[in-house]
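The block underneath contains the structure these notes are about, expressed in structure tokens.
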Amino acid sequence: MLSGSKTSFKIQQHPPGPALRGPKSSDMNSKRNRNGQAFPCIPGEHVLEEAARVRKIVRSRDGEGSILGTLYCTNLRVAFVPEPAPGDTVGAPRCSTCLHSEHDVALPCIGRLVAVNSFTKAKVLTANSTLKFIPEELVLYCRDFRVLRFRFRDSGLEPRACQVTLAIVQAQESSNASAGTWYDSGAIRNLENAWLSTEESLSPPTLLFERPCDWEKELRRLGAAGWRVSPVNERFDMATSLPKYLWVPSRLLDNELKRAFGHFNARRIPRLCWHHPGGSDLLRAAGFHADSDPEKEDVRSVEALMLAGHAQCVIVETAADLPSPAEIQLSYLKLRALCLPDSSVADEKWLSALEGTRWLEHVRACVRKASEVAALLAERSRSIVLQESDDRDLNCLLASLVQVLSDPHARTQSGFQSLLQKEWVVAGHPFLQRLNLLRDNDREESPVFLLFLDCVWQLLQQFPASFEFTETYLVALHDSSYIPFFSTFLFNCQWERDRRNQHRASNQIYAPVNGWRELPPLEILQKGGRLAKERGGPYLPTIWDWALRYTTQQRAQFRNPAYARGSGSTTVPNGKSAPLGGDKLEGALSGNRAVYLFAKGALSPQTHLFPWKNGSLSKKGWWRAQSSESLSEQDRSLRSKPSGCPQQPEGLLLPASAGPLIRLWRRCYLRGSQEVQRGLFASTLAELAEELDRLRKQLGD
């Protein structure tokens, strides 16, 4: 009967504008299904369409099962609410939060929408599609590697299947143009305060690095006595992509500092990232500006920044050994296509196809490069400058990874989150372009941040007792990158966030010192809630407010029970002493006020501190030309086997990056496979016991 249907449904394309509002609009928790169960809308969200008695397909090692419930399409997401289990209270909320469920997906996270009917070929739905059959099954291929399947056949409400399918397509199209105005920001902040008032965090707060006190606090923790917090970019008049505050040498005045901005691409000058307890300093900067013409005073300012009081400066060419953003994107697309459950690659060719994506090769290169830089930092006191053309992609990855290897504090949950804020969020990584959340610029898309998370997962596998957080936490962070309800990944730099905050609601006031503040909501105070957090910065909540999306039991799985705080000195996977430097490397780094280039795993002495000669910029490629001349006699490779370091630094991790030790992150990338545990969290103790028995059998074999 379905095959003979003459009905067709045209998916109309709506012009950009406010989010769709239909007859099914609702405020908080006013929409209920037939069982009286409330759908937990967030502020500003409204239900567009729904279909009851839909079955969500769940695949496991034991085969295929299903969960009966109601499928909702809202202006923000596609949500599935399971029917209450026997014995549950009718109308009880499914969890204590309403911004996350393993059954939900935000509209920008939907990569592909497919309608399936047993009498015709599956149809990939777009804004211009015409649906000529009633779908029996709806498949959502998510950008975070999830695959959600919903079956309508047994519901007996086939017209509802068409209506909810068309509503999802229309809502996804509209979401691309209205993501920035989806929600009532003030209401979400009030909701955040109400929830967090009942659940105080036991972990130290995450530093957002939006106020000078955060920078001062972290600088004191590092013990970097020769550095200070400079407000030279507080109004973003020096560089719009840089943070408001910078760590610069104490002896360098702001007037002197301003002379250096014009000589670097996008005016991104060298500034401190991390201070090693042994005295070394890790800095990052953009490439030298090709058209700059520095005066002697300018050169002195740049020299003071890069040497940072040290006799030696090692300039690390970040792009020389790592993949470009375009290569990362191409590899990621191949990986995602390979890991989908309907991949056409035969089982016997799957591993070779995985190597063909080059994703593991890119992970291996990043881990190796970070290990080399970490060894350089620990070997002796010097300044090490990570230099990338625009200083907004690979420098973020490498600077963060080096600190994870070198600083035990960065391996705690709060320290890791503060690290991401400092080296990614406020440092100007273009999240909106690279994640392409609004689907408006495919050419700039490149998951550099997701590559970094994969690298951290590799370290977690090799050093499981050295991290306070777990794989579950990393997967949750990976999935959060495609959730548009928070400010963390919604902008390209701090300047854009501040521009968004210029349009304030009427319930806010401005203080000359602390900036904008929300007035205390009366209803929250009357209910015993606490006031809005005393912080400047994002008007929207950050993803670090995990209580908005995960229950207490789920967040408990973020904590690693095997974590050993302050676990020993230098650590390598096999437990042997890690090689750090050696006679040859020490010989290559001898001398006073010397500069070296580090590229391709080798150090090369340079005759000039900067590529400027007699006040003019030398020919393009000066660094590489200088390196090639010195390769034959003076190169010293870190990949040789040096004799070791007389004093091993505390807490340094030097991972292995060769061969099978770099593995595929199965729990993240193969979530659609039957051989991988479903969901982000283990649902029952029985599933945990089953997983444990399976691991024991594998070890026994």
Side-chain angles (χ1 to χ4, degrees), residues 208-210 232-233 236-248 260-274 282-290 292 305-306 315-329 332 362 365-366 369-370 373 384-404 418-438 440-453 455 481 487-500 538:
L208 299 183
F209 293 97
E210 290 157 351
V232 67
N233 197 45
F236 300 106
D237 50 358
M238 292 291 103
T240 56
S241 64
L242 282 177
K244 290 183 177 180
Y245 307 100
L246 309 173
W247 284 334
V248 300
F261 280 91
H263 305 301
F264 292 88
N265 294 335
R267 302 176 65 85
R268 295 178 66 89
I269 62 171
R271 70 266 182 210
L272 179 68
C273 296
W274 185 68
L282 180 67
L283 296 85
R284 57 183 290 183
F288 295 111
H289 199 289
S292 65
L305 280 173
M306 299 190 71
I315 298 179
V316 178
E317 277 195 332
T318 306
D321 306 282
L322 302 183
S324 67
E327 292 173 329
I328 294 173
Q329 171 67 0
Y332 187 75
H362 297 335
C366 295
K369 181 105 174 181
V373 175
I384 295 182
V385 183
L386 307 180
Q387 193 165 39
E388 182 190 12
S389 177
D390 60 357
D391 182 40
R392 301 183 67 180
D393 288 301
L394 299 178
N395 266 6
C396 298
L397 185 151
L398 189 58
S400 302
L401 207 54
V402 169
Q403 292 175 65
V404 170
S418 298
L419 173 68
L420 298 186
Q421 279 289 138
K422 176 169 63 76
E423 300 298 345
W424 292 83
V425 180
V426 302
H429 177 67
F431 279 109
L432 190 61
Q433 293 179 4
R434 293 306 187 216
L435 295 177
N436 198 16
L437 201 61
L438 303 184
D440 59 351
N441 194 349
D442 294 341
R443 296 183 61 183
E444 297 295 330
E445 185 175 354
S446 178
V448 181
F449 178 68
L450 305 184
L451 176 62
F452 165 74
L453 293 182
C455 294
S481 61
S487 66
T488 307
F489 302 134
L490 203 55
F491 301 96
N492 291 321
C493 60
Q494 191 177 2
W495 176 69
E496 287 188 5
R497 290 179 182 85
D498 280 21
R499 289 186 64 191
R500 172 79 164 86

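For the single chain, residues carry numbers from 1 onward in sequence order.
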Note, [X] side chain near [Y] side chain (heavy atom, < 4.5 Å):
X: P243; Y: N233; answer: no
X: Q433; Y: N492; answer: yes
X: P430; Y: D393; answer: yes
X: C396; Y: E388; answer: no
X: L420; Y: F452; answer: yes
X: T318; Y: V373; answer: no
X: Q387; Y: F288; answer: yes
X: N265; Y: D391; answer: no

As an exercise, state the distance from [atom1] of [X] to [atom2] of [Y], rounded to the nearest 0.5 Å.
X: E423; Y: W274; atom1: CD; atom2: CH2; value: 11.5 Å
X: L490; Y: L432; atom1: CG; atom2: CG; value: 6.5 Å
X: I315; Y: L386; atom1: CD1; atom2: CG; value: 11.0 Å
X: S446; Y: E327; atom1: OG; atom2: CD; value: 9.5 Å
X: F491; Y: L437; atom1: CZ; atom2: CG; value: 10.5 Å
X: C366; Y: L401; atom1: SG; atom2: CG; value: 7.0 Å

I need the minimum non-hydrogen distance between [X] and [Y], along with the two atoms involved.
X: S400; Y: W424; value: OG-NE1, 2.8 Å
X: F261; Y: I269; value: CA-CG2, 3.3 Å
X: D321; Y: E317; value: OD2-O, 4.0 Å
X: Q494; Y: V426; value: OE1-CB, 3.8 Å
X: L398; Y: K369; value: CD1-CG, 3.8 Å
X: C273; Y: A399; value: SG-CB, 4.3 Å

Whether the side chain of [X] engages the backbone of [Y] through a donor-acceptor N/O pair (distance < 3.5 Å, no angle test) should be reported.
X: R271; Y: L246; answer: no
X: R268; Y: S241; answer: yes
X: R267; Y: M238; answer: yes
X: N395; Y: A285; answer: yes

(Q) Between R434 and E445, is the salt bridge (Lys or Arg N to Asp or Glu O under 4.0 Å) condition met? List the steps. (A) CA-CA 4 Å; R434 293 306 187 216; E445 185 175 354; over 6 Å; no
Q: Assess whether salt bridge (Lys or Arg N to Asp or Glu O under 4.0 Å) is satisfied between R497 and E210, documenting all intermediate values.
A: CA-CA 11 Å; R497 290 179 182 85; E210 290 157 351; 5.7 Å; no
Q) Do the rings of W247 and F209 sit parallel, tilted or perpendicular, given the 30° and 60° boundaries? A) perpendicular
Q: Would you please classify the geometry between the F449 ring and the F431 ring as parallel, tilted or perpendicular, with 30° and 60° separating the classes?
A: perpendicular
Q: Determine, step by step, whether L394 and I328 satisfy the side chain to side chain contact (heavy atoms under 4.5 Å, CB included) criterion, reporting the C-alpha distance in whole Å, the side-chain angles of both residues, the deciding distance to 0.1 Å, and the verdict.
A: CA-CA 11 Å; L394 299 178; I328 294 173; 4.2 Å; yes
Q | Chi angles and distances behind the side chain to side chain contact (heavy atoms under 4.5 Å, CB included) call for H429, L397 | A | CA-CA 10 Å; H429 177 67; L397 185 151; over 6 Å; no
